[in-house]
Number of protein chains: 2
Amino acid sequence: MPVDAQRRSGRPRTSSREEVSEIALRLFVRRGFEQTTLQDVADAVGVSKRTLLRYFPSKNDIVWGAFDEQLQALRARLADADPTRPMMDVLREAVVAFNDYGEAVLPELRDRMTLITSVPALQAHSMLRYADWCAVIAEFVARRLSLEPDHQFPQVIASAALGTAMATYRCWVVDPDLDLLAALDEAFRLLAAGFDAQALGAGRPAHAGSRGASRAR
Amino acid sequence: MPVDAQRRSGRPRTSSREEVSEIALRLFVRRGFEQTTLQDVADAVGVSKRTLLRYFPSKNDIVWGAFDEQLQALRARLADADPTRPMMDVLREAVVAFNDYGEAVLPELRDRMTLITSVPALQAHSMLRYADWCAVIAEFVARRLSLEPDHQFPQVIASAALGTAMATYRCWVVDPDLDLLAALDEAFRLLAAGFDAQALGAGRPAHAGSRGASRAR
DNA sequence: CATGTTTCGTCACCCGGTGTCAAATTAAAT
DNA sequence: ATTTAATTTGACACCGGGTGACGAAACATG
């Protein structure tokens, strides 16, 4: 069970989670997710189908790399945030930082997200993975509003935030020129301010900021 | 293919979509969704497994009754709305009306939503069904903002609206005393006004309206 | 009765996923 | 060096959801 904790004894692993994930991702992108069977992946990696399903709980989960660890970082960041700062500011900056991978792994991230947003099975499965994300946000909002996480307000705000992030992801996947971080920043500012004000000002606001090199650190 | 278009000739159906949906729902609630196999449902209805999958494209879809027709009504309502009225007002009222089923079918709706929000497979599948819902909202918002439906703003607003509705549903499922329509009304007012203002007024706003008999017509 | 039309059931099949168990491979203890 | 414990692996059987194909059943019409 320990990923790489000090190896005590026993037969060593012939492959790693990362290796499986990488090879599988390549196959999925090339030949399509549904067209690629688990046996194909197993053959490509050089292990049995059974071993594959010991590394990942399902075929869908192979596409999601190490998502849980990222989530822990997000939770920690939200917990350590300055309590005097506005809630939605903290949330926005945390979400942006949460998605600030390096330039190097960006193409891989795009591959993953392209699959997740386009393949129906993965699109559906994403709801389960994002539920954890949502719970982290709800927990933070609940603490700020002195409510319980199950209450309506934290749940609504967290779910709306999730929708905002997902929609932004979808746009980023389609448009290669879009800066993900800047787009997230803009979307969450919109969410904080309310969509009604947006509708009133019929002319669209400063949208120039969503493209280009602004990293929104 | 025609659900009940004038029957010309041929062998008559031994069952209907509604009958299958009702019987299956009862079984799912009683014995659990995953514990109930398609063969069980087929036996209970009195047809073969193959026939079941001709009525519904998948086991998951059985739980969703006629959702598409409701969606058409929502689209029509949004299309016919007064263009001079505020966008988020129209949206809020349409969503509330969309969920205004009669008192009679309310327990059945609760059963469906309880399954959808608690069973992981259905929770995941809901993303696919709600994607259509989301597209309808995005189409409306895009028209109002003179943008294309694929653009970032309509997508973000529609997804945030979806999250808002879903979270409210979840709360309603858990709390039997909650008035679904009033809760939706309140949540969408929050979404329109922005969550930031909410956080600033540390004291919670008039929450008394979310319980009781207000039907928000 | 003959014909076309529509629905139904059966069968075979694929794939994702689980449980089981023995074999393989290593470190550590004797 | 041999045994022992620990760990991973692969093979196998199995289940359930879902699809394709095909013939049979049940109707309306002529």
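Order of the sequence lines fixes the chain letters, A, B, ..., with proteins taken first and strands second; residue numbering starts at 1 for each chain.
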What residues, two or more places apart in sequence or in another chain, satisfy salt bridge (charged side-chain N to carboxylate O under 4.0 Å, His left out) together with A/Arg50?
-> none
Results of salt bridge (charged side-chain N to carboxylate O under 4.0 Å, His left out) for B/Asp40 - residues two or more places apart only = B/Arg31
How would you list, by chain and number, every residue that makes a side-chain hydrogen bond (donor to acceptor under 3.5 Å, both in side chains) with A/Arg144, sequence neighbours excluded?
-> none
Contact under 4.0 Å: A/Arg11 side-chain N or O vs C/dA24 OP1/OP2 | no
Only counting residues at least two apart or in another chain, list the ones meeting side chain to side chain contact (heavy atoms under 4.5 Å, CB included) with B/Thr51.
-> B/Val47, B/Ser48, B/Arg54, B/Tyr55
Note: contacts of residues 36-45 of chain B with DNA chain D (heavy atom, under 4.0 Å) are B/Thr36, B/Thr37, B/Leu38
Output the residues of residues 49-62 of chain B in contact with DNA chain C, where contact means a heavy atom of the residue under 4.0 Å from an atom of the strand; sort by number or write none.
-> B/Arg50, B/Thr51, B/Arg54, B/Tyr55
Looking at residues at least two apart in the chain, or sitting in another chain, which of them share a salt bridge (charged side-chain N to carboxylate O under 4.0 Å, His left out) with B/Arg143?
-> B/Glu139
With a 4.0 Å heavy-atom cut-off, tell me which residues in residues 20-33 of chain A come close to DNA chain C, sorted by residue number.
-> none
Checking D/dT9, D/dC27, C/dG9 against the side chain of B/Ser9 (C-beta onward), the nearest is D/dC27
Hey, which of these two, B/Gly46 or A/Glu34, hits DNA chain C nearer its 5' end, going by closest nucleotide?
-> B/Gly46
For A/Gln39, which residues count as a side chain to side chain contact (heavy atoms under 4.5 Å, CB included) partner, sequence neighbours excluded?
-> A/Thr37, A/Ala42, A/Asp43, A/Lys49
Pairs satisfying ring-ring contact (aromatic ring centres under 6.0 Å, His included), at least one member in residues 13-51 of chain A, at least two apart | A/Phe28-A/Phe33
Sequence neighbours excluded, which residues qualify as side-chain hydrogen bond (donor to acceptor under 3.5 Å, both in side chains) partners of B/Thr164?
-> none
Using side chain to side chain contact (heavy atoms under 4.5 Å, CB included) as the criterion, list what pairs up with B/Pro149, not counting sequence neighbours.
-> B/Ala142
Could you walk me through whether B/Arg170 and A/Ser159 pass the side chain to side chain contact (heavy atoms under 4.5 Å, CB included) check?
-> CA-CA 11 Å; B/Arg170 263 177 291 163; A/Ser159 296; 2.7 Å; yes
